[in-house]
Structures are given as C-alpha cells and as structure tokens.
Amino acid sequence: MDKKQLKDLGVELDVPFLKLLGVRCLRAELGEGEVVLALKPEHNNSWEVAHGGVLLTLMDVGMAVAARAADEAGRGVVTVELKANFMQAAQGVVRVAARTVHATPTLVFVEAKLYDERDRICCMGSATFKYFKELPSRQVKKN
C-alpha cells in the first residue's frame, strides 16, 4: 500500500497528537476498533524501526476506539491501565485490531494486536478505560 492509498483510507481522528503522527481510523463498530499508521523515519528509534512509544500510542488509540464503540451512550474514555508486549520490530504500515472483552457501567476492558505490513504480530496488549461523559476542557469552550 502506498502513501496515497493510505491517505485515502479511513478517517483522520480529531486529536492534534494523532494528526501529527498520521494515525487513521479504519473501523469503529460493535466494540471493535481498527487503526493504521504509515511509519515514517521520524517514528523510528536509533535502530531504524518503530519506536516503542509510537507503537504503544497506536495500541492505546485502537483500544480506545474499540472501548468507545462498545458504549451505546457514546461516552468518551480515559486510559487507566495499559500493558503491551513487544514481540518483534515493526516497519512500514502498521495496523492495530482491538476488541472489547468486557464492559461495566463505568469501566471497559479491551485487548489488541498490532500487525506489520506483512501481517506479522509485532505487539499485543490490553487496557482498562474509564467512561466519562465530557471533558471539563470542552465544557469550558462551550460557554
């Protein structure tokens, strides 16, 4: 997949940091989420592979998308716990597929896998999110 195809794929998320990285959302439905990122040289570590922080961010975003997709009320989420196992280096276009495992009225538990462009699993993770109605900073902007 070339960069033009990726740019036309999915939707850009309305989060400044994710726009800076180039994260795209492919899917958010029925407690599942899928996000993708075309790795660039600025995403790399000194070994010229994806920096673990970039991969962990992508995992967090994918799982948050799945958590939000599991809530009929359309609430937002905030990460309260995040764990990842890095298994091999990632390069090229990477994709996170996440699914909700369990949800309560206030918390949601999600797991995910990160795949490289050859469809190899490079990272696996899980997270716990807390549901909330609205960010205080967004309430202030409305007034």
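Side chains are part of it too, since the values below use all heavy atoms of this structure and drop only hydrogens, waters and symmetry mates.
- Distance check, rounded to the nearest 0.5 Å: CG of Leu18 to SG of Cys25 gives 10.5 Å.
- To the nearest 0.5 Å, atom CE of residue Met63 and atom CZ of residue Arg68 are 15.5 Å apart.
- In terms of heavy atoms, Ala127 sits closest to Leu82 at CB-CD1, 3.9 Å.
- A donor-acceptor pair under 3.5 Å links the side-chain atoms of Tyr131 to the main chain of Ala67, judged by distance alone.
- For Lys19, the side-chain hydrogen bond (donor to acceptor under 3.5 Å, both in side chains) test picks out Asp14, with sequence neighbours left out.
- Within the structure, side-chain hydrogen bond (donor to acceptor under 3.5 Å, both in side chains) pairs that include any residue of residues 50-65 comprise Asp60-Thr79 (at least two apart or interchain).
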*May I have the step-by-step check of side chain to side chain contact (heavy atoms under 4.5 Å, CB included) for Val78 and Phe129, ending in yes or no?*
CA-CA 5 Å; Val78 62; Phe129 298 91; over 6 Å; no
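- In plain terms, the two heavy atoms of Arg95 and Leu26 that are nearest each other are CD-CD1, 4.3 Å.
- Val93 places none of its side-chain heavy atoms less than 4.5 Å from the side chain of Leu37.
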*Start with the C-alpha gap between Arg27 and Glu32, add the side-chain angles, then the distance that decides, and say whether side chain to side chain contact (heavy atoms under 4.5 Å, CB included) holds.*
CA-CA 7 Å; Arg27 187 169 56 90; Glu32 295 185 357; 2.8 Å; yes
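- When side chains are defined from C-beta on, Cys123 counts as touching Met59, because their heavy atoms get closer than 4.5 Å.
- By the salt bridge (charged side-chain N to carboxylate O under 4.0 Å, His left out) test, Lys83 is found to be paired with no residue, residues two or more places apart in sequence or in another chain being considered.
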Side chains of residues 103-113: which donor-acceptor partners sit under 3.5 Å, not counting sequence neighbours?
unit_1: Thr104; atom_1: OG1; unit_2: Thr106; atom_2: N; d: 3.2
unit_1: Thr104; atom_1: OG1; unit_2: Leu107; atom_2: N; d: 2.9
unit_1: Thr104; atom_1: OG1; unit_2: Leu107; atom_2: O; d: 3.2
unit_1: Glu111; atom_1: OE2; unit_2: Arg99; atom_2: NE; d: 3.1
unit_1: Glu111; atom_1: OE2; unit_2: Arg99; atom_2: NH2; d: 2.7

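- Clustering of Ile, Leu, Val, Met, Phe, Trp and Tyr side chains at separations under 4.5 Å leaves Val101 isolated, with no partner residue.
- Residues Ala64 and Val77 share a closest heavy-atom pair of CB-CG2, 3.9 Å.
- Residues Met87, Ile121, Met124 make up the rest of the hydrophobic cluster containing Tyr115, defined by ILVMFWY side-chain heavy atoms closer than 4.5 Å, directly or through other members.
- Inter-residue side-chain proximity for Val94 and Val36 is flagged as unmet; no heavy-atom pair is nearer than 4.5 Å.
- Tracing side-chain contacts under 4.5 Å through hydrophobic residues (I, L, V, M, F, W, Y), one reaches Leu13 starting from Phe17; they form part of the same cluster.
- Annotation for Ala50 and Leu55: closest pair CB-CD2, 3.7 Å, computed over non-hydrogen atoms.
- In terms of the side chain to side chain contact (heavy atoms under 4.5 Å, CB included) criterion, residue partners of Asn44 (sequence neighbours excluded) are, by chain and number, Glu48.
- Applying the under-4.5 Å side-chain rule to Ile, Leu, Val, Met, Phe, Trp and Tyr, the cluster around Trp47 extends to Val49.
- Legend: residues meeting salt bridge (charged side-chain N to carboxylate O under 4.0 Å, His left out) with Asp116, ordered by chain and number and at least two apart, are Arg120.
- When hydrophobic residues (I, L, V, M, F, W, Y) are linked wherever their side-chain heavy atoms come within less than 4.5 Å, Leu30 remains an isolated member.
- The nearest pair of heavy atoms linking Leu114 to Ala90 is CD2-CB, 4.4 Å.
- At least one side-chain heavy atom of His43 sits less than 4.5 Å from a side-chain heavy atom of Leu21.
- Counting only residues at least two apart or in different chains, salt bridge (charged side-chain N to carboxylate O under 4.0 Å, His left out) contacts with residues 73-82 comprise Asp71-Arg75.
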